Amino acid sequence: MVEEARLEEVGSGLAPVTPGWFVVNVAESAWAHSEAFGSRCAFEGSPRVLVERPDVEPQMFPQIGFTLAVLEPGKPTGMYHAESGQEDFLVLAGECLLLIAGVERRLRAWDFVHCPAGTEHVFVGTEGAPCVIFMTGARTAGKTIVYPRSELASAHAAGVETETDAPREAYAPFPAWTLGQPETWAALPWA
């Protein structure tokens, strides 16, 4: 029988600190924030969320990762990239731009995006209200990632100058993530 995980306050909300099943509301879950890339709720005890709790062992989901992203206008979700595993996305609120395989698409609430392995992509918030995206991706042994050079992505502050397969290189110019909720918390569906 699988035990219930223990949830604890980790400095930015609740996160699992032991293995097992759990239920947590988005409004109470742990959040991380980046001035460059918006905010994230990862649901699991990822190292990014537990920076204030070095005493806690991260409880990473072994097979599938889930993230709830809140994009502010003009901010990308990260750097334009392609992973060796499948990723899928569902826009829950607001609008954004999808930069995918060298083209730009406007997305709105309830648009679903499927990215087979190797699909180059990133999302960028548009003017107006924040955009909420539910993200999921496979976690496989030997997973790889590449950040290709892209003029389209660079025009939206989401591209690297030189192609790399090292996340540390791709994100080196940006400040570290901090604990905290999105700046637009009061305007979000769960507030």
Side-chain angles (χ1 to χ4, degrees), residues 7 9-16 22-53 58-61 64-81 83 87-100 104-115 119-137 139 145 147 153 155-159 167 170-171 173-191:
L7 298 176
E9 171 60 47
V10 295
S12 65
L14 299 174
F22 64 90
V23 176
V24 65
N25 188 281
V26 168
E28 298 171 340
S29 196
W31 284 80
H33 179 74
S34 165
E35 288 301 318
F37 305 112
S39 299
R40 303 279 184 280
C41 171
F43 299 106
E44 57 193 323
S46 72
R48 180 172 67 214
V49 172
L50 294 177
V51 294
E52 289 187 359
R53 291 290 306 272
Q59 299 298 311
M60 302 295 289
F61 299 155
I64 304 171
F66 299 94
T67 299
L68 190 64
V70 175
L71 283 178
E72 301 302 330
K75 293 184 181 178
T77 52
M79 301 306 284
Y80 189 71
H81 69 282
E83 296 187 25
E87 294 181 278
D88 293 285
F89 309 88
L90 179 63
V91 178
L92 299 176
E95 294 184 1
C96 65
L97 295 177
L98 166 64
L99 310 182
I100 187 166
E104 183 177 307
R105 294 271 176 95
R106 183 168 288 278
L107 302 178
R108 64 184 197 281
W110 304 115
D111 283 342
F112 176 80
V113 178
H114 171 65
C115 291
T119 304
E120 298 173 359
H121 65 282
V122 72
F123 299 84
V124 180
T126 57
E127 295 304 315
C131 180
V132 180
I133 306 172
F134 185 69
M135 306 174 160
T136 184
R139 291 190 170 152
I145 189 167
Y147 300 89
H156 291 279
Y171 291 97
F174 304 99
W177 288 75
T178 58
L179 299 180
Q181 301 169 337
E183 296 168 359
T184 55
W185 188 261
L188 297 168
W190 52 83

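Values below: all heavy atoms of this structure, side chains included; hydrogens, waters and symmetry mates excluded. All values reported here derive from a predicted model rather than from experimental measurement.
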Between L14 and E9, what is the shortest heavy-atom contact and its length?
-> CD2-N, 3.7 Å

Go through the structure and list residues passing side-chain hydrogen bond (donor to acceptor under 3.5 Å, both in side chains) with S39, not counting sequence neighbours.
-> H33

Under 6.0 Å from the CZ atom of R139, do we count more than 12 heavy atoms belonging to anything else shown?
-> yes

Has the side chain of S34 got a donor or acceptor atom that lies under 3.5 Å from a matching backbone atom of A36?
-> yes

Heavy-atom closest pair, residues L99 and A153 = CD1-CA, 3.8 Å

Report yes if some heavy atom in the side chain of E72 is under 4.5 Å from a heavy atom in the side chain of E35; otherwise report no.
-> no

Which heavy-atom pair separates Y147 from I145 by the least distance, and what is that distance?
-> OH-CD1, 3.3 Å

One should read off an interatomic distance between F43 CZ and L68 CG, to the nearest 0.5 angstrom, of 5.0 Å

Residues at least two apart in sequence or cross-chain that pass side-chain hydrogen bond (donor to acceptor under 3.5 Å, both in side chains) with S29, listed by chain then number, are none

Does F37 have any ring-ring contact (aromatic ring centres under 6.0 Å, His included) partners at least two apart in sequence or in another chain, and if so, which?
-> Y171, F174

Who are the side chain to side chain contact (heavy atoms under 4.5 Å, CB included) partners of A155, not counting sequence neighbours?
-> none

Can you list the residues that meet the salt bridge (Lys or Arg N to Asp or Glu O under 4.0 Å) rule with E120, with sequence neighbours excluded?
-> none

Please report the shortest heavy-atom distance between L107 and F123, naming the atom on each side.
-> CD1-CE2, 3.7 Å

In chain order, what residues pass the salt bridge (Lys or Arg N to Asp or Glu O under 4.0 Å) check against R105, with sequence neighbours excluded?
-> none

For G78 and V122, work out which heavy atoms get closest and say how close.
-> O-CG2, 3.2 Å

Could you pull out all donor-acceptor pairs under 3.5 Å where a side-chain atom in residues 125-137 meets a protein atom, sequence neighbours excluded?
residue: T126; atom: OG1; partner: E95; partner atom: O; Å: 3.2
residue: T136; atom: OG1; partner: G65; partner atom: O; Å: 3.2

Checking side-chain contact (heavy atoms from CB on, under 4.5 Å) for the pair W31/V70: CA distance, chi angles, key distance, verdict?
-> CA-CA 10 Å; W31 284 80; V70 175; 3.9 Å; yes

Could you state the interatomic distance from SG (C96) to CZ (R108), rounded to the nearest 0.5 Å?
-> 12.0 Å

Minimum heavy-atom distance D88-C115, with the two atoms named = OD1-N, 4.0 Å

With D111 via side-chain hydrogen bond (donor to acceptor under 3.5 Å, both in side chains) - residues at least two apart | none

Check whether any side-chain heavy atom of L92 sits under 4.5 Å from a side-chain heavy atom of P189, and report yes or no.
-> no

Partner set under side-chain hydrogen bond (donor to acceptor under 3.5 Å, both in side chains) for H121, not counting sequence neighbours = H81, E87

